[in-house]
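Some notes on the structure that comes next.
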Amino acid sequence: MPLKWFRIFSLEVLNEPNFIKLLQVEGRKFCVVKVNQEFFAVQNRCPHAGADLTLGFCKEKKLICSYHRYEYDLETGRGAEGQGDYLTTYPVKVLEDGIYIGFKEKWTFFKKLFRL
Ligand code: FES
């Protein structure tokens with residue numbers, strides 16, 4: 001399914017220290033994590049009990065939920081062994097004019113259809 005890309009940051013963000021931020025694009029909230037010069041985008045709610053993952057912290061390329069310390073791989077979204085859960089991940093790319101996140105076209109179609 002084709003992706004629709006949305007610019008979420010200018011390149012100046014590359015000079016910022018690592019962060020975890022909540023963003024909203026096209027009505028969809030997600031969590032963006034900067035780890036060194038890499039960016040990851042995942043759902044913002046923890047699949048365990050719904051905590052806001054932007055309140056969590058990173059350990060290398062793992063996102064740790066602040067509530068019960070469940071751990072998720074930022075590259076795959078997979079929860080740590082034994083958790084049996086995962087995060088939805090979104091592709092992020094760095095272009096010459098900024099940082100972009102990609103959503104499947106299906107989402108933008110349904111958003112228009114239901115006026116989300
Ligand atoms: S709500 Fe995230 S680990 Fe429990």
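All residue numbers refer to positions in the sequence shown, counting from 1. Whatever order the structure lists ligands and atoms in, that order sets their numbers, starting from 1.
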Mark up the atoms of ligand 1 that fall under 4.0 Å of a heavy atom belonging to Ala51, in ascending order. 1 (S)
Kindly confirm whether atom 4 (Fe) of ligand 1 is within less than 2.8 Å of some N/O/S atom in Cys65? no
Has Arg28 got its NZ or CZ under 6.0 Å from the middle of the six-membered ring of Phe103, at an angle within 45 degrees of the ring axis? yes
Ile64 vs Cys58, test: side-chain contact (heavy atoms from CB on, under 4.5 Å). Steps then yes/no. CA-CA 6 Å; Ile64 319 294; Cys58 279; over 6 Å; no
Within the 4.0 Å heavy-atom cut-off, what Cys46 brings close to ligand 1 is side chain
Could you tell me whether Lys62 and Glu75 make a salt bridge, using a distance below 4.0 angstrom between a side-chain N and a carboxylate O? no
Heavy-atom pairs closer than 4.0 Å: do any link ligand 1 to the side chain of Tyr67, the backbone, both, or neither? side chain
Near Ala49 (heavy-atom distance under 4.0 Å), the atoms of ligand 1 are 1 (S)
Looking at Thr89, is its backbone amide N or carbonyl O close enough to the side chain of Gln43 to form a donor-acceptor pair, meaning the two atoms are under 3.5 Å apart? no
Is the backbone N or O of Ile101 less than 3.5 Å from a side-chain atom of Arg7, with the two atoms forming a donor-acceptor pair by type? no
Under 4.0 Å from a heavy atom of Tyr70: give me the atoms of ligand 1 that qualify, with their elements. 3 (S)
Less than 4.0 Å between a side-chain N and a carboxylate O, is that true for Asp73 and Lys61? no
What is the name of the N/O/S atom of His68 that is nearest to atom 4 (Fe) of ligand 1? ND1
Taking the N/O/S atoms of His48 one by one, which is nearest to atom 4 (Fe) of ligand 1? ND1
